[in-house]
4 protein chains.
Amino acid sequence: MPPAPLRADAARNRERVLAAARAAVIAGDASLPLNEIARRAGVGVGTVYRHFPTRQALLEAVTDEPLALLLAEVRAAAADPDPGGGFARLVRAAGRIEIDNVGFAEVLTGDDPAAAATAAKRAELIAVAERVLERARAAGVVRADVTAGDVQRLVCGIGHAARLGGADPHERAELYTELLLAGLRP
Amino acid sequence: MPPAPLRADAARNRERVLAAARAAVIAGDASLPLNEIARRAGVGVGTVYRHFPTRQALLEAVTDEPLALLLAEVRAAAADPDPGGGFARLVRAAGRIEIDNVGFAEVLTGDDPAAAATAAKRAELIAVAERVLERARAAGVVRADVTAGDVQRLVCGIGHAARLGGADPHERAELYTELLLAGLRP
Amino acid sequence: MPPAPLRADAARNRERVLAAARAAVIAGDASLPLNEIARRAGVGVGTVYRHFPTRQALLEAVTDEPLALLLAEVRAAAADPDPGGGFARLVRAAGRIEIDNVGFAEVLTGDDPAAAATAAKRAELIAVAERVLERARAAGVVRADVTAGDVQRLVCGIGHAARLGGADPHERAELYTELLLAGLRP
Amino acid sequence: MPPAPLRADAARNRERVLAAARAAVIAGDASLPLNEIARRAGVGVGTVYRHFPTRQALLEAVTDEPLALLLAEVRAAAADPDPGGGFARLVRAAGRIEIDNVGFAEVLTGDDPAAAATAAKRAELIAVAERVLERARAAGVVRADVTAGDVQRLVCGIGHAARLGGADPHERAELYTELLLAGLRP
DNA sequence: TATGAATGAGAGTTCATTCAT
DNA sequence: CATGAATGAACTCTCATTCAT
């Protein structure tokens with residue numbers, strides 16, 4: 001049975017909470033104290049808990065959009081006739097998305113997701129990324145001793161590193177991504 | 001005046017606290033709640049506060065040894081006749097030490113240290129590392145668009161990445177370090 | 001906007017906390033450790049903090065009733081056609097109220113109150129008392145070299161003195177008040 | 001057996017502690033945290049505890065000199081041929097001494113002193129003051145319904161009141177003392 | 001369903017007092 | 001005797017989570 005459609009006001013509240021959480025995440029704060037989120041959303045704490053029983057659930061909801069985005073990029077990468085170009089595209093997209101969404105890494109590399117939808121997206125993401133990597137490896141443009149998991153972790157590490165320097169991490173993230181791509185070549 | 005030699009019991013307690021903190025850090029938890037540390041060290045809270053007035057002070061104490069170790073490595077790297085070899089040595093040592101000490105990155109890249117000794121070590125560390133990088137750059141074995149700060153951050157990122165995969169991060173850290181070194185070449 | 005009416009349970013809890021605090025104050029202890037108050041009120045600490053964020057706020061709440069009472073008395077004193085009688089009434093009322101409320105002096109003579117309501121009452125109290133004193137002075141029934149502040153302090157001093165003797169301070173307070181009134185005559 | 005004469009260094013330390021405590025008391029702080037006193041005296045906490053096992057003992061030691069002073073004044077008051085003048089002298093002296101020694105009131109009106117010497121001085125003080133008051137009462141210059149204890153408490157109250165106004169309490173104390181004397185007349 | 005009050009565990013911090021050195 | 005390290009209770013304050021309204 002499909003999830004019962006939310007009542008209009010419930011949906012509005014859910015959206016408000018999501019917006020507040022998204023804003024926090026974009027501002028670089030992934031701690032998401034639910035009390036605070038509720039306050040910013042202009043909603044009672046209980047309402048937050050109703051829609052998102054755990055911090056993890058909220059995080060997944062917030063990350064759903066960037067996750068879908070990345071999935072699209074990975075599919076595009078898999079469709080790229082150039083294995084090396086596809087792989088680079090994947091890494092660059094992951095880097096960009098990761099840097100703009102604190103907490104994204106957590107969803108991607110953490111424990112099994114709470115929501116089935118997230119789990120599914122993540123699984124497909126990994127499967128397709130695996131294929132992209134495989135192809136690049138076969139084409140001899142990526143080291144053979146690196147797994148898809150490694151790439152995933154390295155992208156997260158890159159994001160982490162870029163965020164360390166204060167101020168605007170985007171430029172750093174770009175540079176670090178290029179370094180990573182260079183390092184991944186055989 | 002040399003730091004007054006601690007009384008035997010004071011030294012023992014200090015060591016116990018340090019050991020508890022070190023254990024926590026090695027277990028991957030750098031939050032170091034002072035109350036909890038006290039409990040684990042079998043010591044009153046007040047004792048922890050006497051020796052380490054702030055979490056930062058405790059963290060610096062815990063990190064003092066690895067910091068000294070890294071400093072020695074960096075000096076050795078500076079003394080290496082081979083600029084590229086020296087640089088690689090520096091990066092590898094940093095990676096190894098970073099992976100074994102959660103919180104090390106915090107001391108290295110965070111706000112100004114509380115303890116003068118830590119500040120001094122850190123300053124020298126950075127200065128010497130800068131020279132090592134400079135020399136490697138001049139020898140044409142490292143990209144010119146990368147600063148010492150970038151290297152520092154990247155090592156932290158590598159450590160972060162290696163820790164993401166669960167279980168034993170050492171092997172991963174080694175691989176990632178080699179990737180980083182490769183990526184840093186022009 | 002009027003202060004939002006408290007929910008029934010919230011009001012009940014607030015009242016319990018106030019009662020516990022009042023009991024402590026009447027028992028002569030104005031230190032009001034908030035967690036102890038919570039315990040005695042049979043309420044979580046957080047609840048105390050919700051209603052009274054600081055010790056000062058709680059003290060003001062406890063003192064609110066006697067403050068209102070005194071204010072009424074002072075107004076009545078100002079309305080008394082006999083300047084001397086009005087002034088005596090003021091002093092006697094202040095003495096009586098002060099002796100029954102440890103901490104009242106603190107609110108009356110201490111730093112600026114936290115709550116606007118308290119500040120307003122206090123300000124009016126002082127202003128009206130000033131008028132009462134002025135009138136008594138003009139009528140030649142009170143020394144000219146005594147300010148309203150002096151009277152306030154002296155009443156507090158009287159209360160302090162009465163409390164020193166142990167047991168029931170009321171009788172003493174009455175006597176001391178009469179002495180004070182006699183001493184204040186030209 | 002007379003108290004064993006202190007060793008020279010012990011006596012010096014005792015004096016240092018006393019000086020620190022006296023300074024604190026004169027500065028208007030009678031809380032005397034023994035830790036802090038020790039620090040200011042340049043002495044270990046233990047030393048303070050050895051010489052003055054309780055806060056009360058320290059307080060009595062600090063107050064010993066003013067107590068002796070007041071005793072002398074009271075004796076002089078008793079010797080004054082003018083009963084009213086003698087009584088006034090007593091009250092004025094008490095007021096002056098009380099205002100300069102926070103904590104003096106505590107020793108005078110508090111529980112039984114810890115030290116025998118203090119107890120003796122206090123007992124004599126009270127006895128002589130009682131005689132002074134009696135004489136003044138017999139001469140009809142002081143109200144009959146006031147006890148020596150009342151006078152003692154009132155002087156403390158006066159001191160308390162004078163201290164409430166901030167800044168220099170001496171002038172206020174003088175005024176309040178005159179008010180008290182006036183109020184005590186029949 | 002939504003609300004937000006209540007809860008209470010837990011972190012941080014201070015300080016009087018004891019006791020090993 | 002002197003020292004000052006150690007102790008731990010007491011207190012303030014915060015926040016995730018529950019639950020009465």
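The basis for the numbers below is simple: all heavy atoms, side chains too, and nothing from hydrogens, waters or symmetry mates. Per chain, numbering begins at 1; letters A, B, ... match sequence-line order.
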Would the distance check show the side chain of C:Arg122 and the main-chain N or O of C:Leu108 forming a donor-acceptor pair, the cut-off being under 3.5 Å?
yes
Counting only side-chain N and O atoms of A:His51, is one of them less than 4.0 Å from OP1 or OP2 of E:dT1?
no
Atom-pair distance (CZ on B:Arg16; P on F:dA6), nearest Å
10 Å
Atom-to-atom span, OH of C:Tyr49 to C1' of E:dG10 - whole angstrom:
14 Å
G-U wobble or Watson-Crick pairing nucleotide for E:dT21 (cut-off 3.5 Å, both distances):
F:dA2
Expressed in angstrom and rounded to an integer, what is the separation of D:Gln56 atom CD from E:dT17 atom C1'?
17 Å
Residue whose nearest DNA chain E nucleotide is more 5′ - C:Gly46 or B:Gly46
C:Gly46
On DNA chain F, does the nearest nucleotide to A:Thr54 precede the nearest nucleotide to C:Pro53 from the 5' side, or the other way round? Give the residue.
C:Pro53
Taking all non-hydrogen atoms of both residues, which atom of D:Val43 and which atom of D:Asn13 are closest, and how far apart?
CG2-OD1, 3.4 Å
Is there a donor and acceptor pair, one atom on the side chain of B:Asn35 and one on the base of E:dG10, closer than 3.5 Å?
no
Pairing of D:Glu60 and D:Arg55 as salt bridge, 4.0 angstrom limit
no
Rounded to whole Å, please give me the gap between CD1 in B:Ile37 and P in E:dG10.
16 Å
salt_bridge(A:Arg12, A:Glu15) N-O dist < 4.0 Å:
no
Out of E:dA2, E:dA9, E:dT17, which nucleotide sits closest to the side chain of A:Ala10?
E:dA2
Take the protein atom CZ of C:Arg55 and the nucleotide atom P of F:dC13, then report the distance between them rounded to whole Å.
11 Å
Between C:Arg40 and C:Ala24 the two heavy atoms that sit nearest each other are NH1-CB, 3.9 Å
Which residue, C:Leu32 or B:Asn13, contacts DNA chain F at a nucleotide closer to its 5' end, judged by nearest heavy atom?
B:Asn13
Rounded to whole Å, CZ of D:Phe52 lies from C1' of E:dA16 at a distance of 17 Å
Using purine N1 to pyrimidine N3 plus N6-O4 or O6-N4 for Watson-Crick, or N1-O2 and O6-N3 for G-U wobble, both under 3.5 Å, which nucleotide pairs with E:dT7?
F:dA16
Regarding C:Asp9, tell me which of base, sugar-phosphate or nothing describes its non-hydrogen contacts under 4.0 Å with the strands shown.
sugar-phosphate
When the distance from CZ of D:Arg39 to P of E:dA16 is rounded to whole Å, what number comes out?
13 Å
Measure from the side-chain heavy atoms of A:Arg50 and tell me the nearest of E:dA2, F:dA6, F:dA9.
E:dA2
Expressed in angstrom and rounded to an integer, what is the separation of B:Leu34 atom CG from E:dT13 atom P?
7 Å
